[in-house]
Protein chains: 2
Amino acid sequence: MKEKATSFDIAHLAGVSQSTVSRALNNSSLVNQETRERVQRIARELNYKVDKNASNLRLQKSSTIALLLFEDPTSDDSMINPFFLAMLGSITRACAQANYDLLVSFQNLEDDWHAEYEDSNKADGIILLGYGDYTDYQNKVAQLESQGTHFVRWGAPDEKHPGISIGCDNFQGGESITQHLISQGKTTFAFIGDNGDHAPEFKARFTGYYRTLLAHGLDKNSSQFDAISTEDAGSEAIRGLIEAGELPQAIVCASDLIAMGALRALRQAKIKVPDDVAVVGYDNIAVSAYTTPALTTVQQNTKLAGELLVSALLKAINNEEVDDYLMPAEVIVRQSCGSQ
Amino acid sequence: MKEKATSFDIAHLAGVSQSTVSRALNNSSLVNQETRERVQRIARELNYKVDKNASNLRLQKSSTIALLLFEDPTSDDSMINPFFLAMLGSITRACAQANYDLLVSFQNLEDDWHAEYEDSNKADGIILLGYGDYTDYQNKVAQLESQGTHFVRWGAPDEKHPGISIGCDNFQGGESITQHLISQGKTTFAFIGDNGDHAPEFKARFTGYYRTLLAHGLDKNSSQFDAISTEDAGSEAIRGLIEAGELPQAIVCASDLIAMGALRALRQAKIKVPDDVAVVGYDNIAVSAYTTPALTTVQQNTKLAGELLVSALLKAINNEEVDDYLMPAEVIVRQSCGSQ
DNA sequence: CTGAAAGCGCTTACAG
DNA sequence: CTGAAAGCGCTTACAG
């Protein structure tokens with residue numbers, strides 16, 4: 001393995017000072033064009049690359065963004081929520097476009113919380129995805145804020161949370177999907193998903209759902225069953241619902257993963273979807289188009305979300321004013337709700 | 001935003017020299033225990049974190065691994081192959097466990113090829129995932145090798161490729177799935193997927209498929225249709241197959257994505273799977289369990305793959321001897337082949 | 001347009 | 001056990 005070339009090596013070969021090499025490589029207008037071209041040519045020949053550690057140290061920045069993914073503590077360790085994977089993809093692309101590197105870290109509950117990315121100058125800012133344990137999450141966000149760390153979080157704006165948030169309107173998503181079911185003539189409902197303060201996204205979806213029923217005078221025809229965002233929890237909740245007695249006309253699941261489990265449990269119980277009961281999900285993960293029947297769901301635009309998260313963070317890093325942004329959620333109609 | 005504390009600030013507060021602070025924080029045994037504890041306490045109070053750029057610069061390493069994902073140039077820009085996303089997840093976990101950071105980069109064809117991660121000291125080594133354009137890929141691998149970069153690639157060992165490879169046995173996977181179909185009594189076959197030198201993984205799967213037919217004297221009963229790894233290509237190929245005339249008893253797809261498209265095209269043509277024709281895929285992506293019928297496919301163990309890639313790279317970085325590794329591929333039987 | 005010099009914040013060989 | 005000093009490889013204010 002060859003020794004790595006430094007700017008001094010190039011300076012020597014080009015017969016100029018090291019300062020001039022640095023200027024030439026940074027395309028400074030201060031340097032003679034002929035000199036600049038010569039230096040750049042030599043740099044290319046030597047396969048020279050600026051040492052990022054040195055340049056970052058000098059410039060006190062890193063051109064790197066850290067992505068922290070907080071997973072649901074109870075979710076299967078080997079499986080990452082497909083929705084976050086999709087987000088990861090779009091964030092990666094957006095970073096590349098902005099010429100930033102992306103440092104990825106999955107935070108498990110057991111891990112030490114290390115938000116040291118910015119403190120240690122490894123990253124100029126942080127994107128937070130997911131909640132993990134919500135109480136824990138709030139502490140972490142508060143800590144980031146108090147340290148003056150630049151960060152953006154995926155989620156709804158919230159007075160309890162400082163910092164910039166980019167999210168998708170879970171309340172409106174809950175409304176829209178419920179509205180769709182009502183317009184299909186459904187009159188009795190069940191909501192499958194946690195509805196507590198520890199799961200704010202699900203709670204907002206539930207609230208949108210419930211308010212819509214209320215507006216139509218259907219709020220008495222609703223039940224709710226707890227479930228975290230896994231298939232197994234969905235199946236479990238459906239078994240509870242079946243045991244509880246009468247089947248509703250429509251089952252609204254707080255996530256696609258829950259809906260997958262619901263479809264499975266219903267199939268096992270020989271209950272036909274959508275003939276006996278309509279089922280809808282939330283997230284529009286890739287799988288949802290392929291279930292039997294294909295799942296009607298609510299889409300969050302992950303491509304746009306990634307772009308917004310990155311551009312908002314970059315603005316924050318440059319100390320520009322940034323507003324929270326709430327994207328609209330869009331109903332994707334497939335077969336599981338009986339519309340088609 | 002507060003100024004970041006440096007080791008000098010801590011030295012000042014602790015009444016010791018900056019060298020001692022550095023030693024104390026690195027748990028050097030050279031420092032008095034009482035002093036060490038005092039320094040560490042003050043560091044904690046100030047929320048001090050070692051500046052990674054400075055320490056990396058000094059140590060000439062980065063404790064960071066770069067993951068380069070080469071996508072199929074023709075695949076939909078907004079969609080990342082779910083198989084790679086799964087790999088990404090397991091690599092991220094493995095890195096975290098080894099206390100390495102992970103820099104993620106998606107390389108599009110249009111992008112400049114920049115393997116400068118190690119050259120610029122941003123990463124100590126590189127993991128290559130995917131091929132993109134294969135000819136291009138070979139040049140890049142050769143370039144990495146000639147520069148003495150530490151890298152590991154996902155794929156089969158190959159004399160034409162220098163460097164360490166970790167992969168899954170595509171030849172054996174092709175054999176196993178074909179063997180399974182033959183044991184189900186199938187006697188006529190079609191293979192959907194490219195079979196050229198630009199797609200070595202598909203080619204190996206095809207070769208395993210074909211050799212198995214040959215061994216059973218069934219090689220005359222086989223046709224092959226080109227397709228890259230997308231749904232659309234799969235649908236397109238199936239339409240070609242249908243137009244070509246007689247339907248085989250089994251369709252072997254070179255990837256699950258192709259198989260998805262195949263199922264779609266067959267459904268549109270009112271051809272029943274598995275009653276009229278068996279269909280099998282390759283990869284066991286999450287979606288494959290949810291298609292109708294659920295897809296029989298070949299699994300590559302992504303969790304193990306991620307761990308092996310990371311540990312092999314770490315060994316290479318430490319200049320230890322590393323061997324190529326070829327994982328076995330496992331047939332996952334579901335409904336689409338008619339076995340259940 | 002160019003060069004000599006300072007300094008970013010660390011780690012560690014050297015001297016005590 | 002501790003401190004003073006060198007040096008990792010850059011960028012840029014300063015002087016010319």
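Convention: sequence-line order gives letters A, B, ...; per-chain numbering from 1. For the numbers below, each heavy atom of this structure counts, side chains included, while hydrogens, waters and symmetry mates do not.
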Between the protein and nucleotides 10-13 of chain D, are there any N/O to N/O pairs under 3.5 Å, and if so, what are the atom names and distances?
residue: dC10(D); atom: OP1; partner: Y48(A); partner atom: OH; Å: 2.6
residue: dC10(D); atom: OP2; partner: S7(A); partner atom: N; Å: 3.1
residue: dC10(D); atom: OP2; partner: S7(A); partner atom: OG; Å: 2.6
residue: dC10(D); atom: O5'; partner: Y48(A); partner atom: OH; Å: 3.1
residue: dT11(D); atom: OP1; partner: N26(A); partner atom: ND2; Å: 3.2
residue: dT11(D); atom: OP2; partner: S22(A); partner atom: OG; Å: 2.3
residue: dT11(D); atom: OP2; partner: N26(A); partner atom: ND2; Å: 3.3
residue: dT11(D); atom: O2; partner: R58(A); partner atom: NH1; Å: 2.1
residue: dT11(D); atom: O4; partner: Q18(A); partner atom: OE1; Å: 3.3
residue: dA13(D); atom: N6; partner: R23(A); partner atom: NH2; Å: 2.7

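With the 3.5 Å cutoff on both pairing distances, Watson-Crick and G-U pairs in DNA chain D assemble into runs of at least 3 at C:1-3 with D:14-16, C:5-12 with D:5-12, C:14-16 with D:1-3.
Of all non-hydrogen atoms in S63(B) and K61(B), the two that sit nearest each other are OG-NZ, 2.9 Å. Pairing each heavy atom of C95(A) with each of L102(A), the nearest pair is SG-CG, 3.8 Å. For the residue pair V16(A) and R38(A), the shortest heavy atom distance occurs at CG1-NH2, 4.4 Å.
Counting to the nearest Å, the P atom of dG9(D) and the CG atom of N53(A) are 10 Å from each other. When the C1' atom of dG9(D) is taken as reference, atom NZ of K52(B) falls 18 Å away, rounded to whole Å. Atom P of nucleotide dG9(D) and atom NZ of K122(B) are separated by 18 Å, given to the nearest angstrom. If you take CG of N56(B) and P of dC8(C), they are 18 Å apart, rounded to a whole angstrom. Nucleotide dC14(C) holds its P atom 14 Å from the CG atom of L30(B), rounded to whole Å. In this entry the distance linking CD of Q33(A) with C1' of dT2(C) reads 17 Å, nearest Å.
In Q97(A), the CD atom is not crowded: 12 or fewer heavy atoms of neighbouring residues, nucleotides or ligands sit closer than 6.0 Å. Surrounding NE2 of H198(A) are more than 12 heavy atoms belonging to other residues, nucleotides or ligands, all under 6.0 Å away.
A side-chain donor from one of Q40(B) and N27(B) sits under 3.5 Å from a side-chain acceptor of the other.
Here T35(A) does not reach the OP1 or OP2 of dC1(C): none of its side-chain N or O atoms lies under 4.0 Å away.
When the side chain to side chain contact (heavy atoms under 4.5 Å, CB included) test is applied to N47(A), the partners found at least two apart in sequence or on another chain are K49(A), D119(B), Q147(B).
For the P atom pair drawn from dC1(C) and dA5(C), the interatomic distance equals 24 Å after rounding to whole Å. Separation of the C1' atoms belonging to dG16(D) and dT12(D) is 16 Å when rounded to the nearest angstrom.
Using a 4.5 Å cut-off on side-chain heavy atoms (C-beta onward), F151(B) and K140(B) make no contact.
Using a cutoff of 4.0 Å between basic side-chain nitrogens and carboxylate oxygens, R41(A) and E37(A) are not scored as salt-bridged.
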